Amino acid sequence: NAGVTQTPKFQVLKTGQSMTLQCAQDMNHNSMYWYRQDPGMGLRLIYYSASEGTTDKGEVPNGYNVSRLNKREFSLRLESAAPSQTSVYFCASSEPRTANTGELFFGEGSRLTVL
Amino acid sequence: TQLLEQSPQFLSIQEGENLTVYCNSSSVFSSLQWYRQEPGEGPVLLVTVVTGGEVKKLKRLTFQFGDARKDSSLHITAAQPGDTGLYLCAGREDSNYQLIWGAGTKLIIKP
């Protein structure tokens, strides 16, 4: 079972460069998420997609854009990378049986360094 | 933004010892989840608690949801090196679908 697959796993960018993080899930989940994880700050939601065709801003959306390409795929784009975007990025998906108890399934993370 | 505070932030103990990790907030949560994250991997769900006062056990791990549904604890009995990892709590408010995450407790169990 692949679950949630993220690419690339590692990336180094120069300030001002652009890149797209790819995410795909094979669990037929409706909801997908992009988080960033920084030391001492836990997981912060960048964008989410409650269902195919919809996207919404999370807690820290500035500097990012997303595309829900289809039910399986949810990409995160950095148009002009900044050093403050150095982080570990996680994609996740969920299919909550109820709104309260939905488990998030995470990818392995993409480690991005912006010089 | 509502806060979910975890304590301690870091804990290093010897194999065989017991420990408790706390997750506290001023908000009331409809449910609270605990995840464990190992280096180089994404978080993995350990348990979800939904009822005030609920206690769930997962082998040597005991999870408790506070009566007022504002706090939770994770107790590990006879810790083993395999318990090493980052433990994250995450709560859902009644009025907000999205999860609110704690900053995590980094746990190291020394053989």
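Every chain is numbered from 1, with letters handed out A, B, ... down the list of sequences. All values derive from a computational prediction rather than experimental measurement.
- Between A:Phe106 and A:Phe90, the angle of the ring planes goes over 60°, which puts this pair in the perpendicular group of the 30/60° scheme.
- Contact of A:Arg111 with chain B is made through the side chain alone, with heavy-atom distances under 4.5 Å.
- Residue A:Phe105 does not touch chain B at all, counting heavy-atom pairs closer than 4.5 Å.
- Among A:Arg77, A:Glu79, A:Arg36, the one residue that satisfies the side-chain hydrogen bond (donor to acceptor under 3.5 Å, both in side chains) test with A:Tyr64 is A:Arg36.
- Contact count against chain A (heavy-atom pairs under 4.5 Å) is highest for B:Pro43 among B:Ala103, B:Gly104, B:Pro43.
- Tested against B:Leu19 for a side chain to side chain contact (heavy atoms under 4.5 Å, CB included), the candidates B:Leu107, B:Leu74, B:Thr105 yield a single pass: B:Leu107.
- For chain B, the nearby part of A:Gln37 is the side chain; its heavy atoms alone come within less than 4.5 Å.
- Neither the backbone nor the side chain of B:Gln9 comes within less than 4.5 Å of any heavy atom of chain A.
- Between the B:Lys56 side chain and the B:Thr48 main chain, a donor and an acceptor come within less than 3.5 Å of each other.
- Interface residue A:Leu45: only side-chain heavy atoms are found under 4.5 Å from chain B.
- A 4.5 Å side-chain heavy-atom check between B:Trp34 and B:Val21 finds at least one atom pair inside the cut-off.
- Within 6.0 Å of the NZ atom in B:Lys106, the count of heavy atoms belonging to other residues, nucleotides or ligands does not exceed 12.
- Contacts of B:Gln6 with chain A are absent, with no heavy-atom separation under 4.5 Å from either backbone or side chain.
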